[in-house]
Enquirer: 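Handing you this structure, nothing more for now.
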Amino acid sequence: DTAVSQTPKYLVTQMGNDKSIKCEQNLGHDTMYWYKQDSKKFLKIMFSYNNKELIINETVPNRFSPKSPDKAHLNLHINSLELGDSAVYFCASSQEWSTGELFFGEGSRLTVL
Amino acid sequence: QQQVKQSPQSLIVQKGGISIINCAYENTAFDYFPWYQQFPGKGPALLIAIRPDVSEKKEGRFTISFNKSAKQFSLHIMDSQPGDSATYFCAASNGYSTLTFGKGTMLLVSP
């Protein structure tokens, strides 16, 4: 009965590969997010979807493509992985857009070799 | 442009002491100021939050102090415990934007 679950928890891959991270929330929330946390722990928003519609698309390389098949799912696909993509990626959800209270998943640690 | 500045970057406090983390913001439209706590290997989780209509909010050993005129807010952890060792993030938002996070403070409470 995990509220926000993301898979896989760990990915180790070579430069140039493509990978996906999946996220599901069972809280009935309308809004979902992807955050990137770098080695210095800084949390940076990447994307936000509200009712399956893209709301925020920060300055992120277009190698990153989010997809929201329904309100409960938000997946992240990354093409042509680069060393600098190594980070922990967090999925999060909130009941409404900009309510402030985010519920985070446990993160997916991506290591690009 | 970093809209929420957090300090210190790291903090070591003895068990039983008071931990204090400070944040300053620039955008006067912000109206919601939460603090998130993150343990190693876990995602951040909401700890306590305040809105600018009050100057202080207390939940157990955790207190937020808010100074609207100075555009500053702080987290105080009373009687700090080793189990409080974590990374703490302040954040801010308004009704038109998602959360802007500070850069985080790594707190270590020594036994």
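This one's a predicted model, so the numbers in the text were calculated from it and none came from an experiment. Naming convention: chains lettered A, B, ... in sequence-line order (proteins, then strands); numbering from 1 in each chain.
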Enquirer: Which residue pairs pass the side-chain hydrogen bond (donor to acceptor under 3.5 Å, both in side chains) test with at least one member in residues 71-84 of chain B, sequence neighbours excluded?
Expert: B:Ser19-B:Ser80, B:Arg61-B:Asp84, B:Ser74-B:His76, B:Asp79-B:Gln81
Enquirer: Would you give the length of the straight line joining atom CG of A:Leu43 to atom OG1 of B:Thr100, rounded to the nearest 0.5 angstrom?
Expert: 11.5 Å
Enquirer: Are more than 12 heavy atoms from other residues, nucleotides or ligands located less than 6.0 Å from atom CZ of B:Phe39?
Expert: yes
Enquirer: Does CD in B:Gln14 sit with more than 12 non-hydrogen atoms of other residues, nucleotides or ligands closer than 6.0 Å?
Expert: no
Enquirer: Is it true that atom NZ of B:Lys15 has more than 12 heavy atoms of other residues, nucleotides or ligands lying nearer than 6.0 Å?
Expert: no
Enquirer: If I measure from the heavy atoms of chain A, does B:Gln38 come under 4.5 Å with its side chain, its backbone, both, or neither?
Expert: side chain
Enquirer: For A:His77, which residues count as a side-chain contact (heavy atoms from CB on, under 4.5 Å) partner, sequence neighbours excluded?
Expert: A:Asp18, A:Ser20, A:Ser65, A:Asn79
Enquirer: May I have the step-by-step check of side chain to side chain contact (heavy atoms under 4.5 Å, CB included) for A:Lys44 and B:Phe101, ending in yes or no?
Expert: CA-CA 8 Å; A:Lys44 180 176 166 55; B:Phe101 283 92; over 6 Å; no
Enquirer: In terms of heavy-atom pairs under 4.5 Å with chain B, which of A:Lys40, A:Arg109, A:Gln37 leads?
Expert: A:Gln37
Enquirer: Roughly how far, to the nearest 0.5 Å, is the NZ atom of B:Lys103 from the NZ atom of A:Lys41?
Expert: 15.5 Å
Enquirer: Other residues, nucleotides and ligands only: do more than 12 of their heavy atoms fall within 6.0 Å of CE on B:Met106?
Expert: no
Enquirer: Quick one, B:Tyr32 and A:Glu101 - any side-chain contact, counting heavy atoms below 4.5 Å?
Expert: yes
Enquirer: Counting neighbours of CD1 on B:Ile12 that are heavy atoms of other residues, nucleotides or ligands and sit closer than 6.0 Å, is the number greater than 12?
Expert: no
Enquirer: Could you check if a side-chain atom of A:Tyr35 sits within less than 4.5 angstrom of a side-chain atom of B:Pro44, using non-hydrogen atoms only?
Expert: no
Enquirer: For side chain to side chain contact (heavy atoms under 4.5 Å, CB included), just list the numbers for B:Leu46 and A:Leu102, CA-CA rounded to whole Å, side-chain angles, deciding distance to a tenth of an Å, and then say yes or no.
Expert: CA-CA 7 Å; B:Leu46 179 66; A:Leu102 300 182; over 6 Å; no
Enquirer: What part of B:Phe89 gets closer than 4.5 Å to chain A, counting heavy atoms only: side chain, backbone, both or neither?
Expert: side chain
